[in-house]
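The figures here come from the full heavy-atom set of this structure, side chains too, leaving out hydrogens, waters and symmetry mates.
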Amino acid sequence: MAVIYLAGGCFWGIQGYFDKLNGVCNSIVGYANTLIANPSYELVCTGRSGAVEALKLEYESHILSLEEIVGRFLSIIDPCALNFQGNDVGSQYRNGIYFVNQSDEHIIKDCLRAWEEAHQARAVTEILPLQNFYPAEAYHQKYLQKHPQGYCHIDIDLALKPYKV
């Protein structure tokens, strides 16, 4: 099983989207690369923690490749948006991909370069090693499964459509 961390605005939508994909084993929303251990949602919202709302995605790489994950991720967020996605504004909503395996870095960077070339745009997506990750409060976990009409800037049903490179 492989793991990658994805941040693209509110973590509810990222989790809702990726949970629909074959090959995903587990997902947890939380706070990544924070300056303060185990921050609360309220603290993260102040911007003082430096945390980003992120999804810890555990997946079977023989079923779902990292290239497909990154490609799908870039297709559901705005990689050019600095510190916001949809109606979500603040540094905690910046977009990024955080890796634990150094060998993933070049794959992620290659995918981002390909996206930039295809869209003739400059992405602001962070690509960094994961420093830390703390699970969010229980009410955030699988939020859109529990509240199907909840706010989301992502059309999570796009996960059901065939993926095109």
Side-chain angles (χ1 to χ4, degrees), residues 1-21 24-59 61 64 66-67 69-112 115-116 122-147 150-154 156 159:
M1 187 165 43
V3 65
I4 195 73
Y5 295 78
L6 306 170
C10 176
F11 44 30
W12 300 340
I14 304 290
Q15 184 176 47
Y17 176 91
F18 280 97
D19 278 353
K20 292 180 176 270
L21 297 181
V24 170
C25 302
N26 190 36
S27 69
I28 300 169
V29 296
Y31 313 113
N33 288 7
T34 176
L35 304 171
I36 299 170
N38 203 25
S40 67
Y41 176 70
E42 290 73 23
L43 179 61
V44 169
C45 286
T46 69
R48 293 192 318 259
S49 70
V52 60
E53 287 194 13
L55 172 70
K56 177 182 182 182
L57 186 68
E58 297 173 348
Y59 64 99
S61 59
L64 184 61
L66 181 57
E67 292 89 348
I69 289 170
V70 173
R72 283 178 171 274
F73 173 69
L74 295 172
S75 76
I76 60 170
I77 66 159
D78 178 356
C80 301
L82 183 61
N83 294 333
F84 77 95
Q85 292 288 317
N87 294 330
D88 301 319
V89 177
S91 62
Q92 73 272 24
Y93 298 119
R94 65 189 181 271
N95 68 83
I97 304 170
Y98 309 96
F99 55 89
V100 292
N101 296 318
Q102 191 65 44
S103 61
D104 290 346
E105 182 178 17
H106 80 276
I107 295 169
I108 297 164
K109 286 183 174 179
D110 287 349
C111 291
L112 188 59
W115 183 93
E116 288 177 325
R122 173 109 169 87
V124 295
T125 306
E126 290 184 329
I127 300 173
L128 297 169
L130 181 76
Q131 296 170 358
N132 53 51
F133 179 82
Y134 297 94
E137 297 81 356
Y139 71 92
H140 286 297
Q141 306 299 330
K142 311 289 185 189
Y143 185 86
L144 292 177
Q145 284 181 11
K146 297 182 254 184
H147 307 279
Y151 165 75
C152 184
H153 67 283
I154 294 170
I156 63 174

### Query
If you look only at pairs with a residue in residues 26-47, which of them pass as a ring-ring contact (aromatic ring centres under 6.0 Å, His included), with sequence neighbours excluded?
Phe11-Tyr31, Tyr41-His140
### Summary
Residues at least two apart in sequence or cross-chain that pass side chain to side chain donor-acceptor pair (under 3.5 Å) with Ser49, listed by chain then number, are none
### Task
Give, for atom CD1 of Ile36 and atom CG of Asn132, the distance between the pair rounded to the nearest 0.5 Å.
11.0 Å
### Task
Identify the two heavy atoms, one from Ala123 and one from Trp115, that lie closest to each other, and give their separation to 0.1 Å.
CB-CZ3, 4.3 Å
### Query
In Å, rounded to the nearest 0.5 Å, how long is the span from CD1 of Ile154 to OG of Ser75?
9.0 Å
### Query
In Å, rounded to the nearest 0.5 Å, how long is the span from CG of Asn33 to OH of Tyr134?
10.5 Å
### Message
For Cys80 versus Arg122, what's the shortest heavy-atom pair and its separation?
### Response
SG-O, 3.3 Å
### Message
Please enumerate all residues that pass side chain to side chain donor-acceptor pair (under 3.5 Å) together with Asp110, with sequence neighbours excluded.
### Response
Arg113
### Query
Do you know the tightest heavy-atom contact between Cys111 and Val70?
CB-CG1, 3.4 Å
### Query
Can you name the nearest heavy-atom pair linking Leu144 to Trp12, along with the distance?
CD1-O, 3.6 Å
### Task
Please say which of Glu58, Lys56, Met1 ends up in a side chain to side chain contact (heavy atoms under 4.5 Å, CB included) with Asn26.
Glu58
### Task
Of all the heavy-atom pairs spanning Gly8 and Ile14, show the shortest one and how long it is.
O-CD1, 3.8 Å
Check: residues 96-103 side-chain donor-acceptor pairs under 3.5 Å, at least two apart:
residue : atom : partner : partner atom : Å
Tyr98   : OH   : Glu126  : OE1          : 2.4
Gln102  : NE2  : Glu105  : OE1          : 2.4

#### Entry: Closest heavy-atom pair and its distance - Pro135, Ile28
CB-CG2, 4.0 Å
### Query
Just how far is it from atom CG of Leu43 to atom CZ of Arg48, taken to the nearest 0.5 Å?
5.5 Å
### Task
Report yes if the side chains of Val52 and Gln92 come closer than 4.5 Å at any heavy-atom pair, otherwise no.
no
### Task
Flag the pair Leu74 / Thr125 as yes when at least one side-chain heavy-atom distance between them is below 4.5 Å, and no otherwise.
yes
### Message
Could you check whether any side-chain heavy atom of Val29 comes within less than 4.5 Å of a side-chain heavy atom of Glu53, counting everything from C-beta outward?
### Response
no
#### Entry: Contact check, side chains of Ile69 and Phe18, non-hydrogen atoms, under 4.5 Å
yes
### Task
Sort and list the pairs that fulfil salt bridge (charged side-chain N to carboxylate O under 4.0 Å, His left out) and have at least one residue in residues 69-89, not counting sequence neighbours.
Glu68-Arg72
### Message
Let me confirm one number: the NZ-CD1 distance from Lys20 to Ile156, rounded to the nearest 0.5 Å.
### Response
4.5 Å
### Message
Under the rule for side chain to side chain donor-acceptor pair (under 3.5 Å), what residues qualify as partners of Asn38, not counting sequence neighbours?
### Response
none
### Query
So, does Asn95 use its side chain to make a donor-acceptor pair with the main chain of Ala81 at under 3.5 Å?
yes
### Query
Just how far is it from atom OH of Tyr17 to atom CG of Leu57, taken to the nearest 0.5 Å?
11.0 Å
### Full working for side-chain contact (heavy atoms from CB on, under 4.5 Å) between Glu67 and Ile107
CA-CA 7 Å; Glu67 292 89 348; Ile107 295 169; 3.7 Å; yes
